[in-house]
Structure formats: structure tokens, C-alpha cells
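Throughout, residue positions are numbered sequentially from 1 according to the sequence presented. Start at 1 and go down the list; that is how both ligands and their atoms are numbered.
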Amino acid sequence: MPPTAPSVPAVPPDAGSAAVQQRIAEVVRRYWGFDSLRPLQAEAIARAVNGEDWLLVMPTGGGKSLCYQAPPLVTGKLTVVVSPLIALMKDQVDSLALRDIPAAALHSGLTPEQAADTRRRLTAGELRLLFVAPERLLLPGTLSMLARIADSGPGVGGIAIDEAHCISQWGHDFRPEYRRLAELRSVLPGVPVFACTATATPRVRDDIVAQLSLRNRRVLVGPFDRPNLTYRFLPRAAGSASLGQIKSILARHAGQAAIIYCLSRDGAEALAEHLRNAGVNARPYHAGLEPTRRAKVQDQFKSGDLNVVTATVAFGMGIDRSDVRCVIHAGLPRSVEAYQQEAGRAGRDGLPAECVLLHSGSDVAKWTRLMERSAKEMGTPAAVTEAQTALLREMARLAGGFVCRHRALVEHFGQPFDGANCSACDICLGESQDVPDGQTIARKVLACVARFQQSGGHFGAGHLVDVLRGRATQKVTERGHHGLSTFGLLRTLERRDLSGYVDQLIDQGLLRRDDGEYPVLALTADGASVMKGERAAVLRRSVHVDAQTADRAATRAAGLVELAPAEQQLFEALRYLRSKLASERSIPAYMVFDDRTLRELSTLRPSTHDGLLAVRGIGERKAQQFGPAFLAELATRAAEFGLALDPSPPDAAPRRHDSASRKA
Ligand code: ADP
């Protein structure tokens, strides 16, 4: 039976009043099991209840969905949520149903009976949330139905636009159909609009505000830092050695969920096969797969039956699995915005997770080719392609830089970063060091490129490395490059290291890789300044990765206590119970409880229904549905592992602690 409208009485929309604040807190407590709201959530929900427009910019995992899901339960009115994907809508409806919140979606995947039932529930005022794709929302039939609902009964309390950056052509995911959403203003005058996005530069924000004609231009920007993520931006090893890099990262996350983003479909296929041969159950996901196969991979990953997916950027939107512990980028992402969104899929539950970006100087050229090809095929306006190229160059600059990764990302989004050392990135963990004679090496490499140019030629990185290492290959002798003064200048360096340094010089803008059938290198004006000694060049090399130290730092940064070994055993037992309950109901495991809730259950070990309700993420409905099974398991397993039930603080973790609100 789908849930019907909640019986709690609605209050008048006066968000300033203490009664409304209290009512919001009550709704959030009762339906979500959260004791407190993060500061921007409190503001966004209060303003929404008060009928005000806003744009909310918060990173993935920041808690945006609550900001449009809670207001209709306070006002008793309908909120229409514009969402780009059916999978995303279905997940949200299922997870709201588990909380007893009446919600439905209108999309092409419904049978005529299901669609009719949703319309009936809508007109009867039973629904609080309706999810719909932009194209369907703008159909005359849907608009007139909503206009009728707005004029009668409890009415329409808001239109929430998820992934709102899709409306801007300056963003990385422009969707022309989003542009027409501005038409809603005239059909539903007076209905507030709430726009949400995880990624928006100031230019994109301004564009969203203008396109949607947001009243009061209220832009709420949340803290961009994700303290529970450990970032590593590393040069990608050349050729097949990069597979070894990826395997060693995955080895730190054995049995856990991981996503590996690849630059191409072929790359995703080949990597999955390689990993399977190495004993890792990995499956590829990309837009070229046959739809049923693609859907199967997505479903298996969501349900937890599959842990490792090698994917193109086609994978992600609609993946709300909260326990992804590792996101690897096997190549440079196309923008910092895309990176933030893709890497942000790690650790949504607030627990430590690792994001590794492997990049090489050749990635920019690959992306540029792809962008040019797709611009030609799709007839993309030149201004859009230029904007995309600028975003890509910014990403390359960020990846090749040597400042704290948390700081670089946060500052990119226009926020200051407090604290000198994040303890959760390769730079602050001291995992890479300056190469002692980096300046000399850089000048020798640049000098060799200058010699090529003086002798009237441009060559690729492979040939450059051969000449510098003093290899008399056929091409070297044919060109007479064994006679150059730079021949053999860096013969003591390993090929892999030297190739990596060439990439770093490209990333730093000292060399330019000119694209073509055979990409060749050219000296830039900045590179020439380094040669003349007018500016410095720094080269870095990785030293070691102490994943355990990083994990501990991220645990602390996320405001969590470490689990004792027996608690860890209990946590695993609860995870097992969760999978069983989820598969009995054919829902993804994280929808029962997320890992963070299981963690709290392992440390707080409640023995009663009321004790359960004091755990973060357990609302009334979930306590009723799953509580008895978890209480029974806790009682048996705690005894088995020698742990007391209801331990008193300070043994227990801080109650219902929410790190995001602490950092905000
Ligand atoms: P977003 O939509 O911004 O990606 P979500 O709405 O999925 O983020 O929320 C991310 C995580 O934060 C979820 O696990 C959610 O349960 C949790 N969360 C959201 N708001 C709160 C809160 N006020 N207190 C505790 N946890 C919260």
C-alpha cells in the first residue's frame, strides 16, 4: 500500500515563528531520524515553507534532498521535483516510501494504470512529492493539471529543480530541455522555485538565477569541503603500469564499493576485463552497452551485489549508493565541476573514503579531440565549446598543482579554506616530495625541446625521452638527434620517471602538447622563462601511500571515533543483516540504513525501541519496520563479541553527531 498523506496537521506558512521551527524539527526527527539540521538546511527549509525562492549549492552528500523533501510535510502542500533521470526518481520515491512519505513519479516507464493512479492521488491531494522529468512537466496536460491543483485544496507549495546546473550553458552538463523550465513561472505564478545543484561556479549560479527569474536572487552556498574524503592527485604511470597503480589502490578497498572513471568506452571495457583476470569482480558501464546489460550493472551496483564498476561519465547520476569507499579517475575529468560531482559519489554516508585522480599530460589532448568531434556532430555553438575548453584547462591546472587538494577544490568554488594541513590529501600527508634537482631536470627537458625547434622540428614525448636518455633509436639516428648537445643529458633517469616529469611540465604550462595525428611538444613563453632562469619550475615525485594513516585522519576529520575490533565485528554482522532485509524487499541495502547508522548502532548498541530512535538516521517508520530485527541481532551478537548493550558515554560514540553541521 502506498503511503497516504501524513496525519499531522499543517501549519500556516510563517517560517519565522517558533511554532514553524519546531514543526520542521519534528518532521525531520520523525521521518528521517535526524536530531539537527545543517545550518543551510535549516535556512533553505524555513524559506521554502515561507514561500521564498532559492538556489542551493552544496556538494554531493551535503544534504540537499532534505531541503525540498521536508517542506511539503510541514505545509501539507505538494512539491513538484524536476529530476533528469527515471532511475533517480524511482530511488527517491522508494526511499521516501520507506519513511512513510507519500510520493510518486510520473515518467515514461509507468503503465497507463500506474500513471492514472498517480494522477488520481495527485488530484485527491494525497501526495506530498511528485517527481517528473522536465519534458513531461512542460507538456500542456501536466501543466494544466498542476495549475488546477495549485488553485484548489492544499495547493502546490513549490517546484524543486534538482541538478539545476543543467539549465546553464556555462555548466558542464547543459541540457537544453532545462531551459524551458522558466515557462513554469507564468503557468504557476506565485509558486516558489527551489533550485539545487552540487556544482556551480559563480557564473553558472548567476545564470541559474537569471534563467529561472528567482525572486530576491537568494543563493545559499554550503560548505564545499568534504572532510571525510582523502584526495590523491597522482601522475598516471605510463602504459600498462597504470593498471598496477589502479590495482594497488583497489587493494586498499577490498570488498568495498569502488567506481573507476575511464576516458573511453574501450578503456572501461579493457580495465574491467583486466581486473576480472586479476580476481576483482568488476563490470564496465558506458552508454554504448546494450540497455538491459547497462541497467543490470547499475542495479547490481546499487543493490550491493557488485562492488567495482569501471565506467565512463555516463555512470553516476542516479547512483545514490552511500557506501562507495573509493572513486578512481583513470584520466583527467573534463572539469573541476565534473570532478567534484564524480569524486563526490564517494563517502556520501560521511564515513572515510578515498578519491584518486590519475592524470597524464596526454589527457587534455584526448578530451579536446572528443569535444571537437562531438561539437561537430551535435552542432554545438562555438561559445559552448570554448567554455568547455576553459573548464578542462582549469582542471588540468588543478590536477598538476601542488597545493593541498582540499584547499584547491574549495577555493575553486570561491570559498576560503581554514587550516594549514587537511591531513587528508597526498600533499598534506607528505606522500609526494619535490625532486631535489627538479629545476635542473626541467631546464634540460625544456632545452631539448628548444633544440628540436631550432633544428626545425617538433616531436612527441616518447622521442624527447629517448634523446634525453641517450637512446640511439632508429628515429634518433635518422634525425641526427644523437648529435644534439642534449643527447643523453638525463641518461640516469628511469624512462617512467622522465615521462612523468614531461607530463608535469605540460601540466604547469611550460610545454604545450599540440594536438594532431601525432601529438608533438612545443616550448611555451613560460617554459622559455624557466630556461632563462627568470622563473622556477618544480618537479614532484610520489614517495609512499600510507592508506591507514590517511584513513585515520579522514575518520577524525569526519568527526567519527574509530571502531574497536569487536565493534567492527558487530558492524559486519549488522551489514549482513541489512543485506538480508534489503534483498527480501528488493531494495538497495543503503535504503534500509546507511553505513553511518550501522556504525552508530555498533557503538551505541541500543536495547530498546526508544534507544533505536536516538540513533542518527532512524525515524519512526524505519524503527517499526526494521527495529525488531536489529534489536535481536544486537542482543545476540553483542553478547557473542563480549560487548555490553547500552554502554554509557564516554565508551559510546557521541550521540547522533553530524560532522557536516559541525564543519558548516
Ligand atoms: P545530496 O542530495 O546533497 O547529495 P543527500 O540528501 O543524499 O545529499 O544527503 C547526504 C547524506 O547526509 C545522507 O546520508 C543523509 O542521510 C545525510 N543527512 C542529510 N541531512 C542530515 C542531517 N541533518 N543530519 C544527519 N545526516 C544528514
Would you please say whether a donor-acceptor pair under 3.5 Å links the side chains of H286 and T312?
->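 Looking only at side-chain atoms, T312 and H286 do not form any donor-acceptor pair under 3.5 Å.
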
Using a distance-only test with no angle check, is there a side-chain donor-acceptor pair under 3.5 angstrom linking R637 and Y576?
->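 Judged by distance alone, the side chains do not pair up.
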
Min heavy-atom dist G61 to ligand 1 below 4.0 Å |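 It does, in that a heavy atom of G61 comes within the 4.0 Å cut-off of ligand 1.
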
Backbone, side chain, both or neither: what part of [X] comes under 4.0 angstrom of ligand 1, heavy atoms only?
X	result
R616	side chain
R348	both
P59	backbone

Hey, which of L96, V80, L85 is the one that makes side chain to side chain contact (heavy atoms under 4.5 Å, CB included) with F131?
->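 Single side chain to side chain contact (heavy atoms under 4.5 Å, CB included) partner of F131 among L96, V80, L85: L96.
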
Contact check: [X] vs ligand 1, nitrogen or oxygen atoms, below 3.5 angstrom:
X	result
S36	yes
G63	yes
Q41	yes

All salt bridge (Lys or Arg N to Asp or Glu O under 4.0 Å) counterparts of D162, not counting sequence neighbours =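 In terms of salt bridge (Lys or Arg N to Asp or Glu O under 4.0 Å), with neighbours along the sequence ignored, D162 is linked to no residue.
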
Within 45° cone of F301 ring axis and under 6.0 Å: R321 NZ or CZ |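 Verdict for F301: a cation-pi partner in R321.
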
Could you list the atoms of ligand 1 found under 4.0 angstrom from a heavy atom of D594?
->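 In order of number, 14 (O).
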
Quick one: which ligand 1 atoms are inside 4.0 Å of a heavy atom on T60?
->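 Answer, ordered by atom number: 4 (O).
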
With sequence neighbours left out, what residues match T597 under side chain to side chain donor-acceptor pair (under 3.5 Å)?
->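 T597 satisfies side chain to side chain donor-acceptor pair (under 3.5 Å) with D594, R616 only.
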
With a 4.0 Å cut-off, would you call R599 and D349 a salt bridge?
->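 Salt bridge flag = no for D349 with R599.
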
